[in-house]
Amino acid sequence: MPRKITDACLSCGSCVDSCPAGAIFEGDSHYEIDASACLDCGACEDGCPNGAIVAE
Ligand code: SF4
Ligand code: SF4
């Protein structure tokens, strides 16, 4: 399953560069992951300061 960004996202943007697939983008209320592009590698999770990236 792809990773998902929850409402805990602070919109800091630091996860964007950690994604090898370019699947993370700035959404309307917080950052989001394009589920069709996510490789489920988990690289983005550890860098989030608020634990907002979770496995679905
Ligand atoms: S690193 Fe976490 S808080 Fe920052 S934009 Fe990404 S999901 Fe949001
Ligand atoms: S799990 Fe990997 S491919 Fe999916 S959004 Fe995070 S860094 Fe990108």
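For ligands, and for the atoms within them, numbers begin at 1 and follow the listed sequence.
Given atom 4 (Fe) of ligand 2, the protein heavy atom at minimum distance is C38 SG, 2.3 Å. Considering only non-hydrogen protein atoms, atom 3 (S) of ligand 2 sits nearest to L39 N, 3.1 Å. Scanning the protein for heavy atoms near atom 6 (Fe) of ligand 1, the closest one is C15 SG, 2.3 Å. With hydrogens left out, the protein atom closest to atom 5 (S) of ligand 1 is G13 N, 3.1 Å, a heavy atom. What sits closest to atom 8 (Fe) of ligand 2 on the protein, heavy atoms only, is C19 SG, 2.3 Å.
For S11 against H30, the heavy-atom pair with the smallest separation is OG-CA, 3.6 Å. The two residues Y31 and V16 make their nearest non-hydrogen contact at CE2-CG2, 3.4 Å. Across every non-hydrogen atom of A37 and A21, the tightest pair is O-CB, 3.5 Å. Here the closest non-hydrogen pair linking P20 and S18 is CD-O, 3.3 Å.
Counted within 6.0 Å of CG on D46, heavy atoms from surrounding residues, nucleotides or ligands total 12 or fewer; the atom is thus considered open.
Applying the 4.0 Å criterion to heavy atoms of R3 picks out, from ligand 2, the atoms 1 (S). Close contacts of ligand 1 with I5, meaning ligand atoms under 4.0 Å from a residue heavy atom, involve 7 (S). Listed by number with element, the atoms of ligand 1 under 4.0 angstrom from any heavy atom of C48 are 1 (S), 2 (Fe), 3 (S), 7 (S). Atoms of ligand 2 found under 4.0 Å from any heavy atom of G42, numbered from 1 in the order shown, are 1 (S), 2 (Fe).
The proximity of I53 to ligand 1, defined as any non-hydrogen pair under 4.0 Å, is limited to the side chain. Under 4.0 angstrom from ligand 1, there are no non-hydrogen atoms of N50.
Evaluated by nearest non-hydrogen atom to atom 1 (S) of ligand 1, the leading choice among G27, C44, S14 is S14. Among G22, C41, A37, the residue whose heavy atom lies nearest to atom 2 (Fe) of ligand 2 is C41.
For the pairing with I24, the side-chain contact (heavy atoms from CB on, under 4.5 Å) check across S14, C38, C44 returns one residue only, C44.
Here C9 does not reach atom 4 (Fe) of ligand 1: none of its N/O/S atoms is less than 2.8 Å from the metal. Inclusion of C12 in the first shell of atom 6 (Fe) of ligand 1 is not supported: no N, O or S atom falls under 2.8 Å.
Not a single heavy atom of P2 sits under 4.0 Å from any atom of ligand 2. Residue P20 places a heavy atom less than 4.0 Å from ligand 2.
Note: N50 CG to D7 CG = 11.0 Å, rounded to the nearest 0.5 Å. One finds the CD1 atom of I53 at 9.0 Å from the SG atom of C19 (value rounded to the nearest 0.5 Å). The line from CD of E32 to OG1 of T6 is 11.5 Å long, rounded to the nearest 0.5 Å.
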